[in-house]
A.B. asks: 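Below are the structure tokens for one structure; questions will follow.
Per chain, numbering begins at 1; letters A, B, ... match sequence-line order. The basis for the numbers below is simple: all heavy atoms, side chains too, and nothing from hydrogens, waters or symmetry mates.
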Protein chains: 2
Amino acid sequence: MILKSQVEWALHCCAILSGLPEGRYLSTKALAELHGLPKEYLSKALQSLSQAGLVHTTLGPSGGYRLARPPAEVSFLDIVEAVEGSGRTFVCNNIRANNPCRPKGFCDTGPCAVARVMWQADEAWRNTLRGVTMADLGQTLSQEIPPDIWSGTFAWVLKRAG
Amino acid sequence: MILKSQVEWALHCCAILSGLPEGRYLSTKALAELHGLPKEYLSKALQSLSQAGLVHTTLGPSGGYRLARPPAEVSFLDIVEAVEGSGRTFVCNNIRANNPCRPKGFCDTGPCAVARVMWQADEAWRNTLRGVTMADLGQTLSQEIPPDIWSGTFAWVLKRAG
DNA sequence: TTAAATAGGGATATCTTGTATCCTTAATAG
DNA sequence: CTATTAAGGATACAAGATATCCCTATTTAA
């Protein structure tokens, strides 16, 4: 059970978009070059973000993506769910209902005990991701990346931002 | 990102094995019938449990599986990891290292900030699963399943246990 | 001693999902 | 008008999940 690599891509792209000045846009091409990713396929991940309403887009030259909300209002969970879907990692096929010792329909009253525990773990996972935003990530990054490299990347992005 | 159905199977099988009297064994065939599962394929899941040391096996007629440890010492996490592996759900491909603005080798000092957050969520997931044992599950089940059905299944199992 | 039942595991087949590329369309800026 | 962009459909390929079959060694029961 491994998350798609698109999740990683989307997170890093949103991190970059978080540093983009108000009203500027960054294209798929620029994001792909910056991360060394296949442009066409990265585009699919960005489309997922768009459909989820996390980013805003414009067409034409100088077009591209920007965050649709302030970085403090975009959580890891938002991004992960946009790409990976919001379904649970554990699917209960209710195999307890196949137990020949149980009357038909007996197991229709609610989710089984096994599923409840697994879903509880899912919730713990989600809660952690819900608690970290792009603003938090930006703060962390700005602290652990040397100022010259940080501003170098910033300049690189601005040169390509429409 | 969905867990294999074998995880569900393994959990339910261990729940049954938890109720097995000391020294008795239950075969793949019986476990497959009880849950309505393909015997041959379920066997693969049980082999995973065996390789992880969670269950003990015997050969021959009246052979099968029993828990290798007391139910209170077998956690959900043990079983999930036995089937699904103990790797992280988020794989960091270190795409930040492709950033043309960063000197080569700059990103070798440790995991990136994005991965650290994702791994923190993984840990929250694991911690939840580590905190629930087969003994806990047995208690829950015995409380929510009517006594007659509970003992009916128990009798069914004993009739087939070697 | 023999026969039946068992776990273990290898080989294979199929289906789903993830990954990746290509192409067309509509919109937009210069 | 032209170049550039996002969106999305079609397709191809690789990897993983699901499932079945078959063979072997072992052990119990008759």
A.B. asks: Hey, does B:R66 have a side-chain heavy atom less than 4.5 Å from the side chain of B:V55?
C.D. replies: no

A.B. asks: Mind checking whether A:Y41 and A:W9 have parallel, tilted or perpendicular rings, split at 30° and 60°?
C.D. replies: perpendicular

A.B. asks: Expressed as a whole number of angstroms, how long is the span from A:L37:CG to C:dG18:P?
C.D. replies: 18 Å

A.B. asks: Donor-acceptor pair, distance only, cut-off 3.5 Å: does the side chain of A:Q6 make one with the backbone of A:K44?
C.D. replies: no

A.B. asks: Measure from the side-chain N and O atoms of A:E84 to the backbone N and O of A:V7, and report whether any donor-acceptor pair falls under 3.5 Å.
C.D. replies: no

A.B. asks: Expressed as a whole number of angstroms, how long is the span from B:Y25:OH to D:dT28:P?
C.D. replies: 10 Å

A.B. asks: Between atom CZ in B:R24 and atom P in C:dT6, what is the gap in whole Å?
C.D. replies: 14 Å

A.B. asks: Rounded to whole Å, how long is the line connecting atom CD of B:E84 with atom C1' of D:dT18?
C.D. replies: 13 Å

A.B. asks: For B:R160 and C:dA5, what is the distance between atoms CZ and P respectively, to the nearest whole Å?
C.D. replies: 14 Å

A.B. asks: When the distance from NZ of B:K4 to C1' of D:dA19 is rounded to whole Å, what number comes out?
C.D. replies: 13 Å

A.B. asks: Provide, to the nearest angstrom, the distance between the CH2 atom belonging to A:W9 and the P atom belonging to C:dA20.
C.D. replies: 5 Å

A.B. asks: Measure the shortest side-chain to side-chain distance between B:L20 and B:V157 over non-hydrogen atoms and say whether it is less than 4.5 angstrom.
C.D. replies: yes

A.B. asks: Would you say A:Y41 reaches C:dT19's phosphate, i.e. side-chain N/O to OP1/OP2 under 4.0 Å?
C.D. replies: yes

A.B. asks: Report, as a single string ordered 5' to 3', how protein heavy atoms within less than 4.0 Å touch nucleotides 3-15 of chain D: B base, S sugar-phosphate only, - not at all.
C.D. replies: BBBBBBB------

A.B. asks: Taking atom C1' of D:dT20 as reference, at what distance in whole Å does atom CG of B:L42 sit?
C.D. replies: 14 Å

A.B. asks: Carefully, step by step, assess A:N98 and B:E33 under the rule side-chain contact (heavy atoms from CB on, under 4.5 Å).
C.D. replies: CA-CA 8 Å; A:N98 300 328; B:E33 284 174 17; over 6 Å; no

